[in-house]
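What you see below is based on every heavy atom in this structure, not just the backbone, and it leaves out hydrogens, waters and symmetry mates. Note that this is a predicted model, so its numbers are computed, not measured.
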Amino acid sequence: QVQLVESGGGLVQPGGSLRLSCAASTSIFSLYTMGWYRQTPEKQRELVAVITSEFSTNYADSVKGRFTISRDNAKNTVYLQMNSLRPEDTAVYYCNARRFTNSWGKGTLVTVSS
């Protein structure tokens, strides 16, 4: 199991930006597929974005063109840059590390509201 710690959530106005970070405690971070998921009380946890060990990325249709996932293997960290935020982006965002098993962070709350 990989320990994952998210940071960067908070309150932002519609149209604003936030950058989430997730630090992973593993010496083989570069081998993991890393992802960001989100969940609200009304919805099941859903994929937001994923980046593979080969830096291939995939996004949910709802965030394409607004969110960017990236990774820094030297820092064992994955990021989610979120621009043009909307109220419907409000959720708890979870970091995921996947190789042979899944590991999850505890989540960070993003609230988009005026």
Side-chain angles (χ1 to χ4, degrees):
Q1 287 285 330
V2 178
Q3 301 300 314
L4 301 170
V5 179
E6 303 101 334
S7 60
L11 173 64
V12 63
Q13 291 188 341
S17 298
L18 280 176
R19 189 176 82 153
L20 305 183
S21 300
C22 171
S25 63
T26 172
S27 59
I28 54 171
F29 175 78
S30 63
L31 300 181
Y32 281 82
T33 291
M34 301 299 297
W36 287 97
Y37 291 72
R38 66 187 180 187
Q39 187 170 16
T40 67
E42 298 78 25
K43 286 186 177 182
Q44 288 185 329
R45 193 172 295 189
E46 63 177 4
L47 174 69
V48 176
V50 65
I51 184 166
T52 71
S53 58
E54 296 177 349
F55 292 82
S56 176
T57 59
N58 193 31
Y59 296 90
D61 287 343
S62 60
V63 307
K64 280 181 183 176
R66 300 188 298 124
F67 291 10
T68 303
I69 189 170
S70 61
R71 65 191 299 161
D72 185 337
N73 289 342
K75 296 182 178 179
N76 284 8
T77 300
V78 62
Y79 304 97
L80 185 68
Q81 178 67 43
M82 305 186 294
N83 299 328
S84 302
L85 282 161
R86 305 167 180 168
E88 53 264 38
D89 295 317
T90 296
V92 177
Y93 284 71
Y94 295 91
C95 181
N96 173 265
R98 174 164 53 88
R99 191 166 176 236
F100 300 114
T101 60
N102 267 319
S103 297
W104 294 93
K106 293 183 178 181
T108 185
L109 177 63
V110 172
T111 303
V112 184
S113 175
S114 55

Legend entry - Linked, directly or transitively: Val110 and Leu11 (ILVMFWY side chains, under 4.5 Å): no
Legend entry - NZ/NE/NH1/NH2 to OD/OE distance under 4.0 Å, Asp89 and Arg86: no
Inset, instruction - Examine the side chains of Tyr93 and Arg38 and answer whether a donor and an acceptor come within less than 3.5 Å of each other. - result: yes
Legend entry - Atom CD of Gln44 with >12 non-hydrogen neighbours under 6.0 angstrom: no
Legend entry - Donor-acceptor pair, side chain of Arg71 and main chain of Phe29, under 3.5 angstrom: yes
Inset, instruction - State plainly whether one hydrophobic cluster holds both Ile28 and Val5, where clusters connect Ile, Leu, Val, Met, Phe, Trp and Tyr through side-chain heavy atoms under 4.5 angstrom apart. - result: no
Legend entry - Result of checking Thr57, Val63, Leu20 against Ile69 for side-chain contact (heavy atoms from CB on, under 4.5 Å): Thr57
Legend entry - Single-linkage hydrophobic cluster Val48~Leu85, side-chain heavy atoms < 4.5 angstrom: yes
Legend entry - Nearest heavy-atom neighbours spanning Pro14 and Ser114: CD-N, 3.7 Å
Inset, instruction - Take Tyr59 and Arg66, measure what side chain to side chain contact (heavy atoms under 4.5 Å, CB included) needs, and give me the verdict at the end. - result: CA-CA 10 Å; Tyr59 296 90; Arg66 300 188 298 124; over 6 Å; no
Legend entry - Residue among Val50, Leu4, Leu80 satisfying side-chain contact (heavy atoms from CB on, under 4.5 Å) with Met34: Leu4
Legend entry - Short side-chain to backbone donor-acceptor contact, Gln39 and Ala91, under 3.5 Å: no
Inset, instruction - List the atom of Glu6, the atom of Gly105, and the distance in Å for their closest heavy-atom pair. - result: OE2-CA, 3.2 Å
Inset, instruction - Check whether any side-chain N or O of Thr52 sits under 3.5 Å from a backbone N or O of Thr33 as a donor-acceptor pair, and report yes or no. - result: no
Legend entry - Interatomic spacing from CZ in Phe67 to CD in Gln81 - rounded to 0.5 Å: 9.5 Å
Legend entry - Straight-line distance of Asn58 CG to Ile51 CD1, nearest 0.5 Å: 11.5 Å
Legend entry - Audit row: Asn73, Phe55, side chain to side chain contact (heavy atoms under 4.5 Å, CB included) steps and yes/no: CA-CA 10 Å; Asn73 289 342; Phe55 292 82; 3.7 Å; yes
Inset, instruction - Could you tell me the separation between the CD atom of Gln1 and the CG atom of Asn102, rounded to the nearest 0.5 Å? - result: 8.5 Å
Inset, instruction - Go through the steps to decide whether Cys95 and Trp36 satisfy the test side chain to side chain contact (heavy atoms under 4.5 Å, CB included), and finish with yes or no. - result: CA-CA 5 Å; Cys95 181; Trp36 287 97; 4.1 Å; yes
Legend entry - Joint cluster assignment, Leu109 & Tyr37, ILVMFWY side-chain distance < 4.5 Å: yes
Legend entry - Shortest non-hydrogen contact between Ser21 and Thr77, atoms and distance: CB-CG2, 4.3 Å
Legend entry - Test item: Asn96 side-chain N/O and Ser103 main-chain N/O as donor-acceptor pair under 3.5 Å: yes
Legend entry - Pairwise distance SG(Cys22) to CH2(Trp104) - rounded to 0.5 angstrom: 11.0 Å
Inset, instruction - Output the distance between atom CG (Leu31) and atom CD (Glu54), rounded to the nearest 0.5 Å. - result: 10.5 Å
Inset, instruction - Treating Ile, Leu, Val, Met, Phe, Trp and Tyr as nodes and any side-chain heavy-atom pair under 4.5 angstrom as an edge, say whether Tyr79 and Val92 lie in one connected cluster. - result: no
